[in-house]
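See below for the structure under consideration.
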Amino acid sequence: MMDDRLSKTLKVITGQDLGGDAQGRCEIKEAGKSDVDLLDAYSRAVIHVAEAVGPAVVGISIGKEIGEEAFTKTGAGSGVVIAPDGYILTNDHVVHQADQLTATLADGSKLHAALVGTDPGTDLALIRAVASNLPYATLGDSSLLRVGQLVIAIGNPFGFQSTVSTGVVSALGRALRSPQGRLIENIVQHTAPLNPGNSGGPLVDSRGRVVGVNTAIIAIAQGIAFSIPSNTAKWVVSQILSHGRVRRAYLGIAARQRSLNRRLVRFYKLAKEEAVEVISVDPQGPAGRAGMKEGDFILAVNDQAVTSVDDLHRFLAEGFIGKMVTMSVFRGQDKFQLEVIPGEASPNG
């Protein structure tokens with residue numbers, strides 16, 4: 001059971017407690033008339049976000065032990081404070097195998113930090129700085145993102161503290177492999193310029209809500225960057241705070257969100273027009289042993305509609321590990337059911 005303090009922290013992070021004591025929360029405040037007269041709407045939006053969320057963005061320094069109580073700096077990245085009692089969201093690859101973590105606030109002050117939990121499967125990690133009453137940012141609803149929407153990235157590229165860049169959401173539902181080769185799904189692609197050191201920093205909408213965690217760039221391309229959606233981050237953080245690790249059911253498939261043929265939707269009188277398409281199957285995994293094949297469409301789990309990969313992850317959380325679930329599946333034009341017993345994925349993958 002979680003204590004009251006941890007339960008309150010979890011509610012703040014997951015957006016269940018947006019009322020009450022809001023001390024420290026980074027929010028946008030209405031600009032004065034003089035600002036409105038001088039700046040266009042685009043500039044005002046970016047400035048307000050930078051001023052509101054910037055104090056919650058930290059630089060993360062990674063140290064490796066080289067001797068007794070001696071460390072050397074081996075890397076750096078970014079993070080965002082998501083609760084006033086020091087919880088910081090960042091990338092797994094930023095803090096991977098670190099012996100020492102230091103968080104540098106926007107005002108230059110440095111705080112010792114410790115790893116709380118990590119999830120290589122989504123390239124997310126949660127660390128905690130030794131502090132309280134810190135300015136923090138709110139995790140927004142990434143399902144509301146739309147292609148073309150303004151987004152702002154804040155981070156520390158090449159160590160330049162609190163650097164702001166802007167762009168738009170250029171695509172949704174992308175898939176990307178983590179540095180360990182794992183497939184990360186439902187990625188947000190955007191055009192806000194990123195550089196080494198931006199990893200782990202927030203992607204923010206014009207309301208100042210964190211809608212993604214910046215994770216990667218394609219070095220040979222221009223204007224292509226990727227972020228883990230905030231809804232995925234909420235789930236990962238809640239798992240880490242509740243269990244100390246992410247407990248994830250294992251099906252042995254890779255999948256993506258796809259629209260269904262409208263004729264099939266009408267013929268079978270489906271409530272949703274989207275499902276999860278299976279793009280590869282491990283024949284020795286739980287789904288493969290149950291008969292699932294590449295190209296199948298997963299419509300529902302235990303009669304609950306599945307329209308996205310995030311839906312599938314939520315329905316196949318720890319409550320289903322080792323328990324039989326019934327999956328409604330399309331194959332070609334046929335609709336049928338498969339009974340699958342998910343296993344628990346390795347904590348490292």
Side-chain angles (χ1 to χ4, degrees), residues 9 13 53-137 153-164 178-182 184 194-203 210 212-217 219 225-228 233 236-237 239-241 244-246 346-349:
T9 295
I13 292 171
V53 181
V57 179
V58 302
I60 299 175
S61 298
I62 298 90
K64 293 293 290 183
E65 188 173 4
I66 57 174
E68 187 175 349
E69 297 185 357
F71 298 87
T72 183
K73 183 176 178 180
T74 59
S78 302
V80 57
V81 181
I82 55 174
D85 46 354
Y87 285 101
I88 298 170
L89 185 62
T90 186
N91 285 150
D92 168 69
H93 79 260
V94 169
V95 299
H96 185 64
Q97 296 183 341
D99 295 323
Q100 184 186 64
L101 294 171
T102 302
T104 302
L105 303 182
D107 63 6
S109 57
K110 296 182 183 298
L111 302 171
H112 291 295
L115 182 66
V116 179
T118 185
D119 182 37
T122 57
D123 193 26
L124 292 173
L126 186 68
I127 66 175
R128 189 176 188 182
V130 183
S132 60
N133 299 319
L134 293 178
Y136 66 98
I154 308 176
N156 306 286
F158 299 109
F160 292 106
Q161 192 82 9
S162 301
T163 297
V164 176
S178 71
Q180 291 78 23
R182 300 173 181 89
I184 309 173
L194 301 180
N195 287 284
N198 272 114
S199 290
L203 186 72
V210 177
V213 179
N214 291 314
T215 186
I217 57 173
F226 301 99
S227 296
I228 308 298
V236 168
V237 169
Q239 286 276 304
I240 290 174
L241 290 180
R245 69 186 189 280
V246 173
S346 165
N348 295 320

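Model, not experiment: these values are computed from the prediction.
With contacts defined as side-chain heavy-atom distances shorter than 4.5 Å, the pair V213/L89 qualifies. Residues L105 and L134 form a side-chain contact, since some pair of their non-hydrogen atoms from C-beta on lies under 4.5 Å apart.
Although no hydrogens or angles enter the test, the distance criterion places no donor-acceptor pair under 3.5 Å between the side chain of D123 and the main chain of P120. Without hydrogens or angle criteria, D107 side chain to S109 main chain gives a donor-acceptor distance under 3.5 Å.
Taking all atoms of both residues into account, the shortest heavy-atom contact from A103 to I88 is CB-CD1, 3.9 Å. Scanning all heavy atoms of the two residues, the minimum distance from V210 to A137 falls at CG2-CB, 3.7 Å. Scanning all heavy atoms of the two residues, the minimum distance from P202 to G79 falls at CD-O, 4.5 Å. The minimum heavy-atom distance between S162 and A106, with the atom names listed, is OG-CB, 3.9 Å. Between S227 and L203, the shortest heavy-atom contact is OG-CD2, 3.6 Å. Taking every heavy atom of both residues into account, V94 and G77 meet most closely at CG1-CA, 4.0 Å.
Under the side-chain contact (heavy atoms from CB on, under 4.5 Å) criterion, T122 pairs with D119, L124, T232, V236, R248, not counting sequence neighbours. When the side-chain contact (heavy atoms from CB on, under 4.5 Å) test is applied to A83, the partners found at least two apart in sequence or on another chain are T9, I13, D85, Y87. The side-chain contact (heavy atoms from CB on, under 4.5 Å) test applied to S132 returns no partner, not counting sequence neighbours. In terms of the side-chain contact (heavy atoms from CB on, under 4.5 Å) criterion, residue partners of S78 (sequence neighbours excluded) are, by chain and number, N156. Under the rule for a side chain to side chain donor-acceptor pair (under 3.5 Å), the partners of T104 that lie at least two apart in sequence or sit in another chain are K110.
With values rounded to the nearest 0.5 angstrom, D92 atom CG is found 8.5 Å from L115 atom CG. Residue N198 holds its CG atom at 10.5 Å from CG of N91, rounded to the nearest 0.5 Å. Remark: R128 CZ to L241 CG distance equals 9.0 Å, nearest 0.5 Å. We find the CD1-CD distance between I62 and Q100 to be 10.5 Å, quoted to the nearest 0.5 Å.
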Task: Test log, rule side-chain hydrogen bond (donor to acceptor under 3.5 Å, both in side chains), inputs H93 and S199 - done: CA-CA 8 Å; H93 79 260; S199 290; 3.2 Å; yes
Open item on the list: If you apply the rule side chain to side chain contact (heavy atoms under 4.5 Å, CB included), what do you find for L126 with T118, and how did you get there?
Closed with: CA-CA 6 Å; L126 186 68; T118 185; over 6 Å; no
Open item on the list: Applying side chain to side chain contact (heavy atoms under 4.5 Å, CB included) to V53 and I154, what does each step give before you reach the verdict?
Closed with: CA-CA 8 Å; V53 181; I154 308 176; 4.1 Å; yes
Task: CA sep, side-chain torsions, deciding dist, call: F226, T215, side chain to side chain contact (heavy atoms under 4.5 Å, CB included) - done: CA-CA 6 Å; F226 301 99; T215 186; 4.2 Å; yes
- [ ] Take V95 and L101 through the test side chain to side chain contact (heavy atoms under 4.5 Å, CB included) and record every step on the way to the result.
- [x] CA-CA 8 Å; V95 299; L101 294 171; 3.8 Å; yes
